[in-house]
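Each chain gets a letter, A, B and so on, in the order the sequences are listed, and its residues count up from 1. Quick caveat, the model's predicted, so the values are computed rather than measured.
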2 protein chains.
Amino acid sequence: MLDLAILGLLQEQELHGYEIRRRLRDELGLFANISFGSLYPALSRLEAAHAVAVAESGGTATTAPSMPFTGSLSGERAGLRARRAAAPRGTKRSRKVYRITDQGLQLFDQLLDADEPAGTDDARSFGLRLAFARHLAPQARLALLERRRAQLTRRLATDQVRVAGPTLDVYARSLVEHGTEATEHDIAWLDRLIESERQKQAAPRSENHEPHAGDAVTAMKGINP
Amino acid sequence: MLDLAILGLLQEQELHGYEIRRRLRDELGLFANISFGSLYPALSRLEAAHAVAVAESGGTATTAPSMPFTGSLSGERAGLRARRAAAPRGTKRSRKVYRITDQGLQLFDQLLDADEPAGTDDARSFGLRLAFARHLAPQARLALLERRRAQLTRRLATDQVRVAGPTLDVYARSLVEHGTEATEHDIAWLDRLIESERQKQAAPRSENHEPHAGDAVTAMKGINP
DNA sequence: CATTGATATATCGAACTGATATATCGTGCA
DNA sequence: TGCACGATATATCAGTTCGATATATCAATG
């Protein structure tokens, strides 16, 4: 789930961990306060999978791109010092700037368009996908919205069973009822989005999906006929 | 978080794991689909902490309450067979029925009234507490509602910063705006609950908090003056 | 020039999820 | 009768995420 978020942000520009966290929190509002204990391992994971790479875009001068091998410094620390030495002036501080790779772009599209894993925190998962919906082909976008709508409709049904069921106390009852209202509100919102999407597809004015600028990936996705 | 839910349910009656899951899902709607990988470890945890105990309430006849020591059966399996043998008719099947202990009641009150851990999934945490709000002293209940209200108000402020900030694309923007609306809706709901609580406290008719029937715990909580 | 606070990366243990394994019971159906 | 199947039930595993904490640097402040 977090992988998708990271890849989505990196698609717009190179970023370092701390900044990724800031954007997720301040701009998107998803992942209210994503923990570094999730973020950094996720970045390592993605790096290991060659979906992202350290950009090392450095400060002003692009000095030797590969670590100059300082010799005596012991293992782990050496890496840190090397990075610090590589970009000392101009940029804020020693930081690992990541960029997305071609494989990363592929992975992103794959994750974004994949069926939601049913069980997990639906709202988060959907929210994240919607936030990056501009990267989806128009029909995939519509499918996402409709899948979510169906999900909420199902929830509404179970909610009705709940209120009809064993008598809940005042507070639990209020909670369930408020939940139902919120779901209805969500569905109405989705209906507006779906309507808007349909219109956009009926009258396609100029470019409506990102200037993705010919990356081989879109061909795989079946934008087609 | 899950501990609170378990203790809350067990407060009403003895239950086994599978049934706890069912209630959380079907009746409360919290924890959409709580995993057994969380539930059973949580029960073990609580049992280790002496907050719950296996009730072994058995079927029709309360045969020997302690395992009769079948001898040859090897370790783990022995426990299962013993339980199975202990309550073969009447009840559904071999199951571990848990009951809450005095320490468990104490822990429940402590968890329920504790300050929310700020970071975590607020909605879930609050929802859970509200579902068991009847176990709280009137002022603690009011405090819970007001704490939540303040939380949402803060969120509303950051949301406004978000929309004012860097221009989001159509979808991300719609997401944020809908989130804001939902938060406003939540606050209005809380206001209604708070109002209702205030009235209840002003005109206290008969018993308004559970027939808790003199357990020593309430004394600790400072219900007082 | 020491202290504090913001920026930044990293790691640990505990908790939760999704998947899977195992066993038993009840029911339908051949 | 028997036996396949689905529901009930407990348990465990690997992979993620979270909250806390450690460490280091830089900027501002007094």
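For the pair Glu19(A) and Arg22(A), the salt-bridge criterion is met [side-chain N within less than 4.0 Å of a carboxylate O].
Dashed line: the shortest gap from a side-chain N or O of Tyr40(A) to OP1 or OP2 of dT9(C) is under 4.0 Å. Between Ser38(A) and dT16(D) there is no side-chain N or O to OP1 or OP2 distance below 4.0 Å.
For Leu39(A) and dT9(C), the CG to P distance is 9 Å, given to the nearest whole Å. The CZ atom of Arg124(B) sits 11 Å away from the C1' atom of dT17(C) (whole-angstrom rounding). Here the P atom of nucleotide dA8(C) and the CG atom of Leu24(A) are 16 Å apart, to the nearest Å. When rounded to the nearest whole Å, the span between CD of Glu14(B) and P of dA9(D) equals 15 Å. In this structure, the CG atom of Leu43(B) is 14 Å from the C1' atom of dC16(C), given to the nearest Å. The CZ-P distance, from Arg21(B) to dG18(C), rounds to 10 Å in whole Å. If you take CZ of Arg25(B) and C1' of dC16(C), they are 17 Å apart, rounded to a whole angstrom. For the pair Arg95(A) CZ and dT7(C) C1', the computed distance is 9 Å after rounding to whole Å.
Note on ring orientation: taking the six-membered ring where Trp is involved, the planes of Phe108(A) and Phe132(A) are perpendicular (angle over 60°, cut-offs 30° and 60°). Below 30°, between 30° and 60°, or above 60°: for His178(B) and Trp189(A) the angle between ring planes is below 30°, a parallel geometry.
The nucleotide whose nearest atom lies closest to any side-chain atom of Ile34(A) is, among dG18(C), dA8(C), dC18(D), dC18(D). When distances run from any side-chain atom of Phe36(B) to the nucleotides dT12(D), dT9(C), dC18(D), the shortest one goes to dT12(D). The nucleotide whose nearest atom lies closest to any side-chain atom of Lys96(A) is, among dT12(D), dC16(C), dA10(C), dA10(C). Between dA15(C), dT16(D), dT17(C), one nucleotide has an atom nearer to the side chain of Arg45(B) than all others, and that is dA15(C). Closest to the side chain of Tyr18(B), out of dT8(D), dT17(C), dC18(D), is dT8(D). Of the candidate nucleotides dA11(D), dT17(D), dT7(C), dT17(D) has the atom lying nearest to any side-chain atom of Leu2(A).
Within 4.0 Å of Gly37(B), counting heavy atoms only, lies at least one base atom of the nucleic acid.
The residue among Pro41(B) and His16(B) whose nearest nucleotide of DNA chain D lies closer to the 5′ end is His16(B).
Going from atom CE of Met1(A) over to atom CG of Leu111(A) covers 11.0 Å, rounded to the nearest 0.5 Å. Here the straight-line distance linking atom CZ of Phe36(B) with atom CG of Leu43(B) works out to 11.0 Å at 0.5 Å rounding.
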